[in-house]
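Have a look at the structure below, then the notes.
We name chains A, B, ... by the order of the sequence lines, and we start the count at 1 in each one. Keep in mind it's a predicted model, so treat the numbers as computed, not measured.
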Protein chains: 2
Amino acid sequence: MDIDMIEISKALSNETRLNILLWLKDPEGNFPPQGGCLNEPVDLKGGVCVSSIQAKANLSPSTVSNYLDTLQRAGLLLSERHGKWTYYRRNEETIKALAEFVKEAL
Amino acid sequence: MDIDMIEISKALSNETRLNILLWLKDPEGNFPPQGGCLNEPVDLKGGVCVSSIQAKANLSPSTVSNYLDTLQRAGLLLSERHGKWTYYRRNEETIKALAEFVKEAL
DNA sequence: TTTACATATTGACAATTCTCGAAATGTGTG
DNA sequence: CACACATTTCGAGAATTGTCAATATGTAAA
């Protein structure tokens, strides 16, 4: 596991993006229940759809979509599509590797 | 000790600034001996003067001075003036607090 | 005090990021 | 198929950042 510290720092240097990452630590506490409208029960793995995040962030859909992409390209989020929705969740592996890097190498 | 995660992330989102922070982990290994020209022996505490950092970064003095200021305002560096020189060194307290934040709160 | 040097500040322009609305794409439903 | 809806992509203008040369400031030496 190796991380791109520059891309991660860029991703975290915006308050909304930082908040999204923090909100996703507690999806149940921060967002309405996800996937209730799906017929088939699928494992969303704590993922939250773009529109829920957009409502909380209070920015335009395109901006939020862009932010989520930035976080994903930095390796901090993972996404999975189910039907019409894309569910984003934290990539704990990268976040752990980041913590390790900051503690040991920075 | 509380840190400004946004300002810290901005400071670290530039390769040269990140490198400066890393270089300063090992001043003796990365820079020429400091303070040799001073008459009075002063404790530089591992600090390195701007021109040494500038030479290694290979950017203009004003850019490097600006970068060092950015790192200092984020709390990642400390500076101390001795004669004509300003010596910059890591602020380990903030860096430790950052590591703690990333590990526990991010 | 004149000079030389280390650093900081200013002003400018290029490059990047922020953010939106509009348009495009993907997907389920009538 | 036609429509509605979730999301992404595109295009654009505003705001911020990167970077330099020129200038200013502070300090030591001659």
Side-chain angles (χ1 to χ4, degrees), chain A residues 4 6-20 31-42 44 47-74 77-89, chain B residues 4 6-20 31-42 44 47-74 77-89:
Chain A
D4 184 336
I6 301 294
E7 286 310 308
I8 288 176
S9 297
K10 284 184 187 174
L12 297 180
S13 69
N14 171 286
E15 183 149 26
T16 301
R17 284 192 301 258
L18 177 57
N19 280 329
I20 289 171
F31 300 99
Q34 300 291 308
C37 44
L38 292 175
N39 293 339
E40 320 227 348
V42 290
L44 301 177
V48 176
C49 71
V50 179
S51 25
S52 293
I53 298 171
Q54 188 251 316
K56 192 163 177 88
N58 206 29
L59 289 167
S60 76
S62 58
T63 298
V64 172
S65 180
N66 180 22
Y67 281 2
L68 292 168
D69 186 55
T70 298
L71 286 162
Q72 183 169 28
R73 270 184 291 123
L77 293 185
L78 294 169
S79 74
E80 206 165 314
R81 183 139 200 171
H82 290 282
K84 298 197 283 191
W85 295 272
T86 306
Y87 295 88
Y88 284 89
R89 65 183 194 275
Chain B
D4 184 337
I6 300 294
E7 286 309 307
I8 288 175
S9 297
K10 283 184 188 173
L12 296 179
S13 68
N14 170 286
E15 183 149 26
T16 301
R17 285 192 301 257
L18 176 58
N19 279 331
I20 289 172
F31 301 98
Q34 300 291 309
C37 44
L38 294 174
N39 293 339
E40 320 226 347
V42 289
L44 301 178
V48 176
C49 71
V50 178
S51 27
S52 292
I53 298 171
Q54 188 252 316
K56 191 162 179 90
N58 206 29
L59 290 167
S60 76
S62 58
T63 297
V64 172
S65 181
N66 179 21
Y67 281 3
L68 292 168
D69 186 55
T70 297
L71 286 163
Q72 184 169 28
R73 270 182 292 113
L77 293 185
L78 294 169
S79 73
E80 207 163 314
R81 181 140 201 172
H82 289 282
K84 296 197 285 191
W85 297 272
T86 305
Y87 294 89
Y88 284 89
R89 64 182 194 278

Side-chain N or O of Asn66(A) less than 4.0 angstrom from OP1 or OP2 on dT9(D)?
no

Identify, with sequence neighbours excluded, every residue that meets side-chain contact (heavy atoms from CB on, under 4.5 Å) alongside Ser65(B).
none

Rounded distance in Å - CD (Gln34(B)) to C1' (dT7(C))
14 Å

Under 4.0 Å between a side-chain N or O of Lys84(A) and OP1 or OP2 of dT7(D)?
no

When rounded to the nearest 0.5 Å, the distance separating NZ of Lys10(A) from OG of Ser9(B) is 13.0 Å

Quickly work out the Arg73(B) CZ to dA8(C) P distance and round it to whole Å.
12 Å

Using a 4.0 Å cut-off on heavy atoms, which residues in residues 51-62 of chain B reach DNA chain D? List them by number, or say none.
Leu59(B), Ser60(B), Ser62(B)

How close or far is atom P of dT25(C) from atom CG of Asp69(A), stated in whole angstroms?
17 Å

Given atom CG of Leu77(B) and atom P of dA8(C), what is their separation to the nearest angstrom?
12 Å

With a 4.0 Å cut-off on heavy atoms, is Thr86(B) in touch with a base, just the backbone sugar-phosphate, or nothing at all?
sugar-phosphate

Spacing between Asn14(A) atom CG and dC20(C) atom P, to the nearest angstrom:
11 Å

By side-chain contact (heavy atoms from CB on, under 4.5 Å) - contacts of Ser60(B) (at least two apart)
Ser62(B), Thr63(B)

Quick one: Lys10(B) NZ to dT16(D) P, roughly how many Å, whole number?
8 Å

Going from CG on Leu68(B) to OG1 on Thr86(B), what distance comes out if it is rounded to the nearest 0.5 angstrom?
9.0 Å

Tyr87(A) OH - dT27(C) P separation (whole Å)
14 Å

Residues two or more places apart in sequence or in another chain: which of them pass side-chain contact (heavy atoms from CB on, under 4.5 Å) with Asn66(B)?
Thr70(B)

Of Leu68(B) and Ser13(A), the one whose closest DNA chain C nucleotide lies more 5'
Leu68(B)

Output every pair passing salt bridge (charged side-chain N to carboxylate O under 4.0 Å, His left out) with a member in residues 55-72 of chain A, not counting sequence neighbours, ordered by first then second residue.
Asp69(A)-Arg73(A)

Does OP1 or OP2 of dT7(C) have a side-chain N or O of Ser65(B) closer than 4.0 Å?
no

Picking from dC20(C), dG18(D), dT7(D), which would you name as closest to the side chain of Trp85(A)?
dT7(D)

According to side-chain contact (heavy atoms from CB on, under 4.5 Å), who are the partners of Leu78(B), at least two apart in sequence or on a separate chain?
Arg89(B), Asn91(B)

Just to confirm, is there a sub-4.0 Å distance from OP1 or OP2 of dA8(C) to any side-chain nitrogen or oxygen of Tyr88(B)?
yes

Does OP1 or OP2 of dA6(C) have a side-chain N or O of Arg81(B) closer than 4.0 Å?
no

